[in-house]
Protein chains: 2
Amino acid sequence: MELSSDSEKADRRRERETGTLGKLVALLDLVALAEGPMRFTDILSLSDQPRGTLHRQLSHLVEEGLLEVDRDGRYLIGIRLLKLASRSWARNEFRAVAEPHLRRLQEVTGETVHLGVLRGSEVIYLDKVEGRQSVRMYSQIGNASPAYCTGVGKAALSALDDAKLAERIADLEFRPYTEHTLRSAAELLADIRDIRVRGYAFDREEHESGICCVAAPICSDGDHMLAGVSVTGPAYRVTSGKLQDWAPLVVATADSIMTDMRNRMGPKR
Amino acid sequence: MELSSDSEKADRRRERETGTLGKLVALLDLVALAEGPMRFTDILSLSDQPRGTLHRQLSHLVEEGLLEVDRDGRYLIGIRLLKLASRSWARNEFRAVAEPHLRRLQEVTGETVHLGVLRGSEVIYLDKVEGRQSVRMYSQIGNASPAYCTGVGKAALSALDDAKLAERIADLEFRPYTEHTLRSAAELLADIRDIRVRGYAFDREEHESGICCVAAPICSDGDHMLAGVSVTGPAYRVTSGKLQDWAPLVVATADSIMTDMRNRMGPKR
DNA sequence: GAATTAGTTCCATTATTTGGAACAAAATTT
DNA sequence: AAATTTTGTTCCAAATAATGGAACTAATTC
């Protein structure tokens, strides 16, 4: 290895240096995470880019359809992303393999079933199967939630070995969404120890008041991908007893999905 | 494919000049449009980039989470796109405003209702409301279809003035999806003339055999955005008579959405 | 209507991308 | 199992694109 004199610059370059792309994606994120459309000046104040630069960057994103400009000149995420994402979703092998299993679980339990994958310390929901009276149907798909306060997230984390687990929860902020939200790495680690023993995780109103779930971990792609299935429902209907009763079903569903994936992909590696 | 002279290349370069970003997004598209995961060499043969260049481009896309690499080293669209798209969808004002109207239309007709926006000469579906027995629930959202063979597409096109219409259908390929698909610009223009007079469009198995629909155009954002609503169903159930009966409802729904949008956004400009 | 704020264009400077070639690792054939 | 081909990765001088300050126009606000 070479010891460079400009070690600072070199370090920064090594950490994340996707050059042009990185800056543009950061901008996309900025606009996507905003509450609503943003004016040029709003973005200018949040991104630390000079005006000229920012203007050109935004123009390029708009030209490619990744951003759009409304009639008031405000920027919002473009529809082209929806198109790209929809293809990736429709053709996602893992999702496709899991789907029939999710449906079965939904039918047996009568409650909402989620499939989520772990990405860093976040869970991104890949699919959701609901019963009849769905109010907001698609809202969950693609949604990201912190792993530490969701059943799927904690289940997926529990499949990591201690070293990797420590890495992922190293710089986590434990925001208290409800009074039951885990409040520290210690609490999370304790819960995860239990989850490992039991083989399934609970979320008892930790993310959203009045919402509970049981979840089981899924390892796929040779532990390259961690995910989870869960059954979720309102606390008044989904009692602690029911969660316990469903746990074996959820674990069985997770196992079936894992088996199907392994068979589909061949036992390589 | 891709036999182009140098002058054509130069033209294309002049037309679309987003530099680095353009090339990277083209790559994203390439991978997204593929049937499944692609190996490095597959991509190499389709993109006309030198190996070294392509390798770095892919690495950057992977580093940003826009692409992912499976355990066999094959590239596929990354989950980060799903996250970005889901936010853009959830916060899309037009979709949110339209939703209750779509639900009402679904309940009255009992058939599937679509909301799509026109983008170039394609329709991208923004929302879909189905009755009970939905088999593939989310598949349609984010999907892109040619405007010339869908109800929503033709309805939206009919709201353009002749000059702009001509532009959009200039270099259209009329691929015959079914025996009823319109086969030429002339046929399309004739149909659009009728649609303008009637105020609504039909799709009688033009895109998919056995599937019919009625659709009405929506102009929003000061004609900056063209869209459409439709009621779709299987031909055996959705007869010509029923389509006729529903037409006024569909038009009324489109009008309500337009009114709501105008009120929401203020009558500026 | 003057002053302020917001948005756009320009261009010499700076940084990143390019593409060929050399290198390394797998897969395939002999 | 050695040789060969195919596939994937790294490197660096040359080509290209991005940067950022300033000068400018347009839209608001006072």
Side-chain angles (χ1 to χ4, degrees), chain A residues 1-2 4-6 8-28 30-31 34 36-64 66-76 222 266 268-269, chain B residues 6 9-10 12-28 30-31 34 36-64 66-76 222 266 268-269:
Chain A
M1 221 202 233
E2 194 179 314
S4 83
S5 47
D6 304 66
E8 266 182 29
K9 271 192 184 174
D11 278 348
R12 214 170 302 140
R13 210 175 297 136
R14 229 166 279 134
E15 268 175 42
R16 167 193 267 240
E17 199 50 68
T18 49
T20 310
L21 179 65
K23 293 162 204 156
L24 291 177
V25 177
L27 218 45
L28 263 188
L30 189 72
V31 177
M38 300 179 88
R39 283 176 320 173
F40 180 82
T41 318
D42 302 333
I43 304 177
L44 183 61
S45 64
L46 286 173
S47 79
D48 45 1
Q49 309 264 29
R51 299 149 73 88
T53 302
L54 181 64
H55 187 261
R56 182 181 31 72
Q57 288 173 335
L58 290 172
S59 305
H60 282 179
L61 287 169
V62 169
E63 201 170 329
E64 289 299 333
L66 302 176
L67 287 183
E68 278 168 21
V69 187
D70 71 11
R71 62 172 183 180
D72 301 327
R74 294 175 311 178
Y75 294 86
L76 33 83
K268 259 196 243 176
R269 201 168 296 180
Chain B
D6 286 30
K9 271 191 186 172
R12 216 171 299 142
R13 215 175 291 138
R14 228 167 283 131
E15 271 175 37
R16 165 194 276 236
E17 198 51 72
T18 51
T20 309
L21 179 65
K23 294 162 205 155
L24 291 177
V25 177
L27 262 183
L28 263 188
L30 189 71
V31 176
M38 299 179 89
R39 283 176 319 173
F40 180 82
T41 317
D42 302 334
I43 304 176
L44 183 61
S45 65
L46 287 174
S47 78
D48 46 2
Q49 309 265 29
R51 299 149 74 86
T53 302
L54 181 64
H55 187 261
R56 184 183 29 74
Q57 289 173 334
L58 290 172
S59 305
H60 283 178
L61 287 169
V62 169
E63 203 170 330
E64 289 299 332
L66 302 176
L67 287 182
E68 277 168 23
V69 186
D70 70 11
R71 62 173 182 179
D72 300 328
R74 294 176 309 180
Y75 293 87
L76 33 83
K268 259 196 243 176
R269 199 169 297 178

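Chain identifiers are assigned alphabetically (A, B, ...) following the order of the sequence lines, protein sequences preceding nucleic acid strands; residue numbering begins at 1 within each chain.
- Pairs passing the salt bridge (Lys or Arg N to Asp or Glu O under 4.0 Å) check and including a residue from residues 38-59 of chain A, sequence neighbours excluded, read A:Arg39-A:Asp42.
- Distances shorter than 4.0 Å separate none of the side-chain N or O atoms of B:Ser59 from OP1 or OP2 on D:dT9.
- With a 4.5 Å cut-off on side-chain heavy atoms, B:Leu66 and A:Leu21 count as touching.
- When all heavy atoms of B:Met38 and B:Ile43 are compared, the closest pair comes out as CB-CG1, 3.7 Å.
- Both A:Leu21 and B:Gly52 lie close to DNA chain C; mapped to their nearest nucleotides by heavy-atom distance, the more 5′-ward contact belongs to A:Leu21.
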Atom pairs, protein N/O to nucleotides 2-7 of chain C N/O, distance under 3.5 Å:
| from | atom 1 | to | atom 2 | distance (Å) |
| --- | --- | --- | --- | --- |
| C:dG7 | OP2 | A:Thr41 | N | 2.9 |
| C:dG7 | OP2 | A:Thr41 | OG1 | 2.2 |
| C:dG7 | N7 | A:Arg51 | NH2 | 2.4 |
| C:dG7 | O6 | A:Arg51 | NH2 | 2.9 |

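- For B:Gln57, the side chain to side chain donor-acceptor pair (under 3.5 Å) partners two or more places apart in sequence, or in a different chain, are B:Gln49.
- Spacing between atom CD of B:Gln49 and atom C1' of C:dT18 amounts to 9 Å, rounded to whole angstrom units.
- Taking both residues in full, the closest heavy atoms of A:Pro50 and A:Leu44 are given as C-CD1, 4.3 Å, listed atom of the first, atom of the second, then distance.
- Residues satisfying the ring pair (Phe, Tyr, Trp, His ring centres under 6.0 Å) test with B:Tyr75, not counting sequence neighbours, are none.
- Rounded to whole angstrom, the span from the CG atom of A:Leu54 across to the P atom of D:dG20 amounts to 11 Å.
- Note: CG (A:Leu24) to C1' (C:dT17) measures 14 Å, nearest angstrom.
- Side-chain N or O atoms of B:Asp70 include one that pairs as donor or acceptor with a backbone N or O of B:Asp72 at under 3.5 Å.
- Put simply, CZ on B:Arg74 and CD on B:Glu68 are 13.5 Å apart, with the number rounded to the nearest 0.5 Å.
- If you check every strand for non-hydrogen atoms under 4.0 Å, B:Thr53 touches a base.
- Between atom CG of residue B:Leu61 and atom CG of residue B:Leu24 there is a gap of 5.0 Å, rounded to the nearest 0.5 Å.
- Protein atom OH of B:Tyr75 is 8 Å distant from nucleotide atom P of D:dG8, rounded to whole Å.
- Straight-line distance from the CG atom of B:Leu58 to the P atom of D:dT7: 16 Å, rounded to whole Å.
- Residues B:Leu76 and B:Val31 share a closest heavy-atom pair of CA-CG1, 3.8 Å.
- With rounding to whole Å, B:Met38 atom CE is found 15 Å from D:dT7 atom C1'.
- Axis deviation across the helix from C:dG1-D:dC30 to C:dT30-D:dA1 amounts to 40°, comparing end segments of five pairs, rounded to 10 degrees.
- The A:Arg56 side chain lies nearest to D:dT19 when the options are C:dT17, D:dG20, D:dT19.
- Rounded to the nearest 0.5 Å, atoms CG (A:Leu27) and CG (A:Leu46) are 10.0 Å apart.
- Atom-to-atom, CD of A:Gln57 to P of D:dA18 comes out at 9 Å; the value is rounded to the nearest Å.
- Rounded to a whole Å, the CG atom of A:Asp48 is 16 Å from the C1' atom of D:dG21.
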Can you tabulate the close N/O pairs, meaning under 3.5 Å, that link protein atoms to atoms of nucleotides 25-29 of chain D?
none

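- In this structure, of C:dG19, D:dG20, C:dT17, it is C:dT17 that holds the atom nearest to the side chain of B:Thr20.
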